[in-house]
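Here, residue 1 is the first one in the sequence, and each next residue gets the next number. Reckoned from all heavy atoms, side chains included, excluding hydrogens, waters and symmetry mates. Because the structure is a prediction, the values reported are computed rather than measured.
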Amino acid sequence: MENRMTDLSPRELLVLREIHLTGQTTQNILARQFIEKEIIVDVEGNLNVTSKGRSLLVRGSPSMWQM
């Protein structure tokens with residue numbers, strides 16, 4: 001993951017979107033990184049996007065439109 005919190009790679013955005021929609025992901029390494037950076041939280045095995053994560057997802061949305 002990049003150092004700046006405002007920039008996520010397209011892959012990171014897709015994983016964050018997956019977590020937002022399903023509460024789960026198979027990308028465990030990214031999930032741990034997101035938890036460490038407080039982008040998501042793990043509540044009894046269910047992943048939830050934090051307000052910081054939602055902000056990143058909204059900011060990154062235009063880059064996902066081009067995919």
Suppose we screen for side chain to side chain contact (heavy atoms under 4.5 Å, CB included). Which residues come up paired with [X], at least two apart in sequence or across chains?
| X | answer |
| --- | --- |
| Thr22 | Glu18, Gln24 |
| Asp42 | Ile35, Leu47 |
| Leu21 | Arg17 |
| Ser55 | Arg59 |

Exercise. In the hydrophobic clustering (ILVMFWY, side-chain contacts below 4.5 Å, transitive), which residues join Val41, or is it alone?
Worked result: Val43
For this session: Check step by step if side-chain contact (heavy atoms from CB on, under 4.5 Å) holds for Thr25 and Phe34.
Result: CA-CA 12 Å; Thr25 185; Phe34 287 164; over 6 Å; no
Exercise. Does some side-chain heavy atom of Ile40 sit less than 4.5 Å from a side-chain heavy atom of Leu16?
Worked result: yes
Problem set entry | Identified side chain to side chain contact (heavy atoms under 4.5 Å, CB included) partner of His20 from the options Asn48, Val49, Val15 | Val49
Seminar exercise, completed: Lys52 and Ile39 have their tightest heavy-atom pair at CD-CG1, 4.4 Å
For this session: Take Glu12 and Leu56 through the side-chain contact (heavy atoms from CB on, under 4.5 Å) test and state the conclusion after the steps.
Result: CA-CA 10 Å; Glu12 291 167 330; Leu56 290 169; over 6 Å; no
